[in-house]
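What follows is a set of notes on a single structure, which appears directly below.
Quick note on labels: first sequence line is chain A, next is B, and so on, each numbered from 1. Reckoned from all heavy atoms, side chains included, excluding hydrogens, waters and symmetry mates.
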Protein chains: 2
Amino acid sequence: MRADTSDMPEFSPRQNAVLEQALRLLVEGGEKALTTSGLARAANCSKESLYKWFGDREGLLAAMIAHQASKVRTFERSGERLTADLLRDHLELFARDLLVVLAGDVSLALNRLAIGQATREGSKLGKLLLEHGRRQIDRRAMALIDQGKRAGLLRFDNADAAYHTLYGLIVSDLHVRMLLGEPGLKDNARQAERAVAAFLTLHGTQKQSADALGVSAGR
Amino acid sequence: MRADTSDMPEFSPRQNAVLEQALRLLVEGGEKALTTSGLARAANCSKESLYKWFGDREGLLAAMIAHQASKVRTFERSGERLTADLLRDHLELFARDLLVVLAGDVSLALNRLAIGQATREGSKLGKLLLEHGRRQIDRRAMALIDQGKRAGLLRFDNADAAYHTLYGLIVSDLHVRMLLGEPGLKDNARQAERAVAAFLTLHGTQKQSADALGVSAGR
DNA sequence: CCTTTTGCGTACCGTACGGTACGGTTCTGC
DNA sequence: GCAGAACCGTACCGTACGGTACGCAAAAGG
């Protein structure tokens, strides 16, 4: 169960507990609620220890991202032989998982934090968040659609472009809306079905019934 | 040239100049660079005037959003008879405009600001930003695809769902990536073409050559 | 011309943050 | 059992913010 090419520092249990408190504060009160004093109080540790462990505030934020990413390992069960139905199931599962992850409290809070820090000249936190948080889910999807292509069930020239199409169909502007404070979808499964149906219409090799494309919906 | 159902307070020229400076500070240095003292210095006005005009800091931020929105009026030229080629052209134009707007410095800075303020319990700024900034572009797109349906060129049951599909195909995760500090696309036009081609494959009534779907790409 | 309003510039206040220093306490290795 | 490290709690420091108050110049208006 070792992580892949992990380079990450890995923190002590005590430090992980502190990072957990930090995430809690961030989720509950936003960035302004995550102060060194407040964290020290909430985690029953001293500010001195915080600075010893994480260097400065930015180091703490980076550690929080790494810590959260280390919790979201995604399994890659890629043994079975793919059929059209199986591919659809796996794509819909991926879509549902993606929607659940993006709508998660911690994910939203960390993204808000990194976006709040970012400026025109890029952002250290933003890079970290994209790399740590996105790599896993990207790999899972890419492996899946690659497998679909090798099984003759999907057709596309550029896997990256096809993946971004899938992503856009699943998420649309929902992520930004949630980041801005809007509530999420009422029914993730429905959205997943619609997105995957559209994706298969675009990139599937078999005729797709276009039924699932225009149903009542309503966000 | 009157705005539609505008209720907005509309500010004096002097106040607009101050808001312009505020936007400049925000774009150049992010939220932390937008302080009342800094703005007063940059705009050659007194802090007292700022508080008299805008109430408090949140009022200033809201005014900045309203001011920016008042600058981005979108024309609605919906006279001509639609053909398939014309519809495609208009959709691609919309897509390019959308990508340009989302990638704009001021748009990114305001979205970062509102997202940074937002918490789980919604955000005043976020609501404002979505309503003021999005309404125009949403209306333009909805009118366009509605027109396309009436002309028998598009088919869908739910216009809202179809629009979100179009939006997702155009933007994918690009908006969030840019908010996190990543550079934008190298070629908006290419992305617009691909997205519209996919959208027409899904919702067009005429056979679409699937050529434009899988080309080399590269973001 | 004089009055009133508007607004600039500056000084000021309370607060709260990030970061440091220190004394006392618990844990660890030998 | 003891020395040394790790660590907690608290106090402290400098700074910078949001917001207010005041003195004075310049425009507005009759």
Beyond-backbone contact of B:Leu154 with B:Leu200, side-chain heavy atoms, under 4.5 angstrom: yes
Distance, rounded to the nearest Å, where A:Leu39 contributes CG and C:dC17 contributes P: 12 Å
Separation of C:dT25 P from A:Asn44 CG (nearest whole Å): 17 Å
Length of the CG-P vector between B:Leu50 and D:dG18, whole Å: 10 Å
Proximity to the side chain of A:Trp53 - top-ranked nucleotide from D:dG9, C:dG18, D:dC7: D:dC7
Phosphate contact (C:dG18 OP1 or OP2) by A:Thr36 side-chain N/O below 4.0 Å: yes
Phosphate OP1/OP2 of D:dA27: any B:Arg14 side-chain N/O under 4.0 Å: no
From NE2 (A:His164) to CG (B:Leu169), nearest 0.5 Å: 13.0 Å
A:Lys47, nearest nucleotide to its side chain (from C:dT20, D:dG19, D:dC8): C:dT20
Closest-nucleotide 5' rank along DNA chain D - winner of A:Cys45 and B:Thr35: A:Cys45
Audit row: B:Lys127, B:Glu131, salt bridge (Lys or Arg N to Asp or Glu O under 4.0 Å) steps and yes/no: CA-CA 6 Å; B:Lys127 266 193 148 83; B:Glu131 284 174 21; over 6 Å; no
Interatomic distance, A:Leu61 CG vs C:dG18 C1' [rounded to whole Å]: 12 Å
Rounded interatomic separation in angstrom, taking CD from B:Glu48 and P from C:dC13: 16 Å
Mutual orientation of the aromatic rings belonging to A:Tyr167 and A:Tyr163 [parallel < 30°, tilted 30-60°, perpendicular > 60°]: perpendicular
Donor-acceptor pair between B:Glu20 and B:His67 side chains, under 3.5 angstrom: yes
Residue closer to the 5' end of DNA chain C, A:Arg57 versus B:Arg41 (nearest nucleotide): B:Arg41
Nearest listed nucleotide, side chain of B:Ser49, among D:dC7, C:dG7, C:dG9: C:dG7
Rounded distance (Å) that lies between atom P of C:dG18 and atom NZ of A:Lys32: 13 Å
Rounded interatomic separation in angstrom, taking OH from B:Tyr51 and P from C:dG9: 17 Å
Whole-Å gap separating C1' (D:dC7) and NZ (A:Lys52): 8 Å
